[in-house]
Number of protein chains: 2
Amino acid sequence: MKKDIDNKLQSKNIKPTAMRQLVLQVLTEQNTAINLHDLELKFDRADKVTLYRTLRTFEENQLIHRIDDGTGAVKYALCQEKCNCHPEDLHVHFLCTKCNQTYCLNDIPVPTINLPNSFSLESVNMVVKGVCSNCKL
Amino acid sequence: MKKDIDNKLQSKNIKPTAMRQLVLQVLTEQNTAINLHDLELKFDRADKVTLYRTLRTFEENQLIHRIDDGTGAVKYALCQEKCNCHPEDLHVHFLCTKCNQTYCLNDIPVPTINLPNSFSLESVNMVVKGVCSNCKL
DNA sequence: AAAGTTCATGCAACCGGATTGCAAACTTAG
DNA sequence: CTAAGTTTGCAATCCGGTTGCATGAACTTT
Ligand SMILES: [Mn+2]
Ligand SMILES: [Mn+2]
Ligand SMILES: [Zn+2]
Ligand SMILES: [Zn+2]
């Protein structure tokens with residue numbers, strides 16, 4: 001619903017322009033992460049740079065998080081409600097090698113690692129590759 | 001030692017050309033992963049494409065493994081003796097946010113993940129970011 | 001040894017994703 | 001309304017990775 005979209009933007013201190021509403025709409029309907037190119041395809045006529053900057057704004061304001069799954073193009077997905085993109089909020093991502101879709105495994109937290117002495121931890125990127133349930137059929 | 005280099009190449013079925021000897025030399029002396037650009041800088045006069053293809057050959061023959069640490073350029077490091085680049089051989093990598101060096105944490109295996117039902121696992125990429133012991137001083 | 005085959009190298013060009021510069025359009029405050 | 005700030009669109013650029021092609025070295029066959 002339109003109001004929800006606007007509220008979400010407002011709550012993250014993002015001015016709800018037309019473009020941003022549309023992009024957030026798409027991201028909300030999406031259940032896998034999406035990259036800039038594929039986002040562009042969701043619109044008949046939209047400037048890639050504007051989409052790029054929209055995503056950047058969303059990311060800066062922690063509405064979405066970036067996922068580098070090694071496919072070459074960075075993907076984005078909505079953050080969870082409570083997420084602050086801190087190390088403890090991090091979850092595992094899954095890249096399907098058949099359909100190339102990337103899933104947020106929101107309820108699988110990144111396992112803790114015992115780093116060697118005098119290495120300190122800031123964040124973790126964990127991407128699991130395999131075949132997703134859709135492609136398993 | 002020169003002989004060791006050649007033997008290593010031979011053992012992986014890689015013809016020991018001059019270039020390959022030199023590159024393997026550099027990789028052996030290195031204790032962090034290196035990307036194509038930095039490898040190029042290690043030589044006064046070397047063609048980037050040749051280095052690129054040398055790395056590719058090394059990777060194909062499992063002499064080295066690629067590390068995508070999210071810095072934009074793929075890094076490479078020597079494989080362990082017994083490594084066959086199978087899922088069970090995978091280890092964690094560490095990227096220092098200060099010096100940008102990437103370390104192979106060879107004795108930290110990638111933790112096992114309980115994937116959702118009907119997702120199958122092929123491989124895992126786990127990169128930990130933080131500050132390395134060198135930069136901690 | 002000459003000719004033929006295979007593989008490695010060097011150079012130029014291309015590709016695709018990410019990013020920047022800049023001016024026009026729009027929004028908001030006074 | 002006007003001025004200042006923000007967002008948008010278009011063109012251009014950057015940068016890592018990759019390919020095509022011609023030359024050169026090494027190895028085989030006759
Ligand atoms: Mn996610
Ligand atoms: Mn490694
Ligand atoms: Zn799939
Ligand atoms: Zn460091």
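Letters A, B, ... mirror the listed sequences (proteins, then strands); counts begin at 1. Note that this is a predicted model, so its numbers are computed, not measured.
- Residues B/Gln25 and B/Glu29 bring a donor and an acceptor atom of their side chains to less than 3.5 Å of each other.
- Look at CG on A/Leu9: it is 15 Å from C1' on D/dT6, rounded to the nearest Å.
- Of the residues B/Asn61, B/Leu55, B/Thr54, the one that meets the side-chain contact (heavy atoms from CB on, under 4.5 Å) test with B/Thr57 is B/Asn61.
- Across the interface with DNA chain D, nearest-nucleotide mapping of B/Tyr76 and A/Ala46 shows A/Ala46 to be the residue nearer the 5′ end.
- We find that CG of A/Leu51 is positioned 14 Å from C1' of C/dG17, with the value rounded to whole Å.
- If you measure from atom CG of B/Asp47 to atom P of D/dT18, you get 15 Å, rounded to the nearest angstrom.
- Residue B/Arg20 contributes atom CZ, which lies 11 Å from atom P of C/dC7 at whole-angstrom precision.
- Taking the charged nitrogens against the carboxylate oxygens, B/Glu122 and A/Lys129 have no contact shorter than 4.0 Å, which rules out a salt bridge.
- Atom CD1 of A/Ile14 is separated from atom P of C/dT27 by 18 Å (rounded to the nearest Å).
- B/Lys48 places its NZ atom 16 Å from the C1' atom of C/dT9, with the value rounded to the nearest Å.
- Under the 4.0 Å criterion applied to side-chain N and carboxylate O atoms, A/Glu60 and A/Arg53 are not assigned as salt-bridge partners.
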Notebook entry, point to check: Reading nucleotides 19-27 of chain D 5' to 3', which nucleotides get B (base under 4.0 Å from a protein heavy atom), which S (sugar-phosphate only), which -?
Noted result: BB-------
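- One finds a side-chain N or O of A/Thr17 lying less than 4.0 angstrom from the OP1 or OP2 phosphate oxygen of D/dT8.
- Among the candidates A/Ile64, A/Thr17, A/Leu51, A/Leu63, the single residue satisfying the side-chain contact (heavy atoms from CB on, under 4.5 Å) test with A/Val23 is A/Leu51.
- Put simply, A/Leu95 and A/Leu105 are part of two different groups of oily side chains (I, L, V, M, F, W, Y) that touch within less than 4.5 Å, one to the next.
- Look at CG on A/Asn35: it is 8 Å from P on C/dG17, rounded to the nearest Å.
- The side chain of B/Val74 has D/dG17 as its nearest neighbour among D/dT8, D/dG17, C/dG17.
- A side-chain donor from one of A/Lys75 and A/Thr102 sits under 3.5 Å from a side-chain acceptor of the other.
- Going from atom NE2 of B/His37 over to atom P of D/dT18 covers 17 Å, rounded to whole Å.
- A/Thr50 comes within 4.0 angstrom of a base, heavy atoms only.
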